[in-house]
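Please read these numbers as outputs of a predicted model, since none were measured by experiment.
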Amino acid sequence: MSANVTYQATTVNLYGTLKIFLRNSPNKRNSKHFFATLAVTKSAEMVKTIRVHEFGGPEVLKWEDVEVGEPKDGEIRVRNKAIGINFIDVYFRKGLYYKAATMPFVPGMEAVGVVTAVGPRLTGRKVGDVVAYYGQPMGSYAEEQILPANAAVTVPPSIDPKIAASVLLKGMTAQMLVRRSFKFRNSYLAVLRI
């Protein structure tokens, strides 16, 4: 191809295809035309996360870059604003009682963040929503993560994300203890140790 190649490009959509029309001569009659269709994909975004490659003490927590990817059907991507730190995180890190499904893994069972992407055909969530989530999938010790949209609840603007992230799992634990494990009655006295 000569140095005086001209081209014209149009995009069909940001993550679809890129159609390129190439002409190898400024003279249209003598020109050979080339069409190329290239797949255009968003490059994987790297975010910081804390990962565990082996069980142990705090020294096994490693600050690393990981790829997040795009949410699939029924999923959202959330940029965490605040995370809750719980004893269960220590149990997973040490390999006590609970074991992560894979190694390495990202600990963390609760967080509050802003939705940065939604999976195809997902309704009920939009980019910019502030949401809280807990439980599975584990992985809140990350700047950003993908999780099932139905695992997230909306955080009202009147609640600070730090407060929401610090009470969600603990509040559910308290609710389970006083409503399901033991039928607490009005005549009982509860002592809370915080």
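- A donor-acceptor pair is defined here as one N or O able to donate and one able to accept, closer than 3.5 Å; such a pair exists between the side chain of R77 and the backbone of G69.
- Side-chain contact between V47 and D65 is absent, with no heavy-atom pair separated by less than 4.5 Å.
- Residues D73 and R121 come closest through the heavy atom pair OD2-NH2, 2.7 Å.
- Within a 6.0 Å radius of CE in M103, other residues, nucleotides and ligands contribute more than 12 heavy atoms.
- In terms of modelled atom types and a separation under 3.5 Å, the side chain of K62 and the main chain of E59 share a donor-acceptor contact.
- Listed here is the closest heavy atom pair of D89 and G84: OD2-O, 3.8 Å.
- Nearest heavy atoms, K162 versus D160: N-OD1, 2.7 Å.
- When all heavy atoms of V155 and V131 are compared, the pair lying nearest together is CG2-C, 3.7 Å.
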Yes or no on side-chain contact (heavy atoms from CB on, under 4.5 Å) for V78 and T116, after CA distance, side-chain angles and deciding distance? CA-CA 6 Å; V78 176; T116 59; over 6 Å; no
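- M172 and Y133 fall into different hydrophobic clusters, where Ile, Leu, Val, Met, Phe, Trp and Tyr residues are linked whenever their side-chain heavy atoms come under 4.5 Å apart, directly or through other members.
- No donor-acceptor distance shorter than 3.5 angstrom exists from the side chain of R93 to the backbone of V60, with no hydrogens or angles considered.
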Output, in order, the C-alpha distance, side-chain angles, deciding distance and verdict of side-chain contact (heavy atoms from CB on, under 4.5 Å) for W63 and I50. CA-CA 5 Å; W63 185 242; I50 294 174; 3.6 Å; yes
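- Scanning all heavy atoms of the two residues, the minimum distance from P71 to P120 falls at O-CD, 3.7 Å.
- Rounding to the nearest 0.5 Å gives a distance of 8.5 Å between CZ of R180 and CE of M176.
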F92 vs M138, test: side-chain contact (heavy atoms from CB on, under 4.5 Å). Steps then yes/no. CA-CA 10 Å; F92 273 105; M138 187 171 41; 3.7 Å; yes
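- In this structure, L147 and E75 have side chains that are not in contact, with every pair of non-hydrogen atoms separated by 4.5 Å or more.
- Linking ILVMFWY residues whenever their side-chain heavy atoms come closer than 4.5 Å, directly or via other members, leaves I159 and L168 in distinct clusters.
- The neighbour count for K72 NZ, taken as heavy atoms of other residues, nucleotides or ligands under 6.0 Å away, does not exceed 12.
- Taken to the nearest 0.5 Å, the CD1 atom of I146 stands 7.0 Å off from the CD atom of E70.
- E110 contributes a side-chain N or O that, together with a main-chain N or O of L169, makes up a donor-acceptor pair within less than 3.5 Å.
- There is no path of hydrophobic side-chain contacts, each under 4.5 Å, that joins M109 to I163.
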Passes side-chain contact (heavy atoms from CB on, under 4.5 Å), V106 versus Q145? Steps please. CA-CA 10 Å; V106 178; Q145 80 177 104; over 6 Å; no
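- The closest donor-acceptor contact from the side chain of N80 to the backbone of S140 lies under 3.5 Å.
- Taking CD1 of I76 as the start and CG of L122 as the end, the distance is 7.5 Å to the nearest 0.5 Å.
- Between V167 and K170 the shortest side-chain heavy-atom distance does not fall below 4.5 Å.
- E143 places a side-chain N or O within donor-acceptor distance of the main-chain N or O of K48, the cut-off being under 3.5 Å.
- For V112 against A164, the heavy-atom pair with the smallest separation is CG2-CB, 3.6 Å.
- Under the 4.5 Å side-chain heavy-atom criterion for grouping Ile, Leu, Val, Met, Phe, Trp and Tyr, I83 is connected to F87 within one hydrophobic cluster.
- Between Y141 atom OH and I85 atom CD1 the span is 4.5 Å, to the nearest 0.5 Å.
- Distance CD1/I88 to OH/Y134: 12.5 Å, rounded to 0.5 Å.
- No donor-acceptor pair under 3.5 Å is formed between the side chain of R125 and the backbone N or O of V118.
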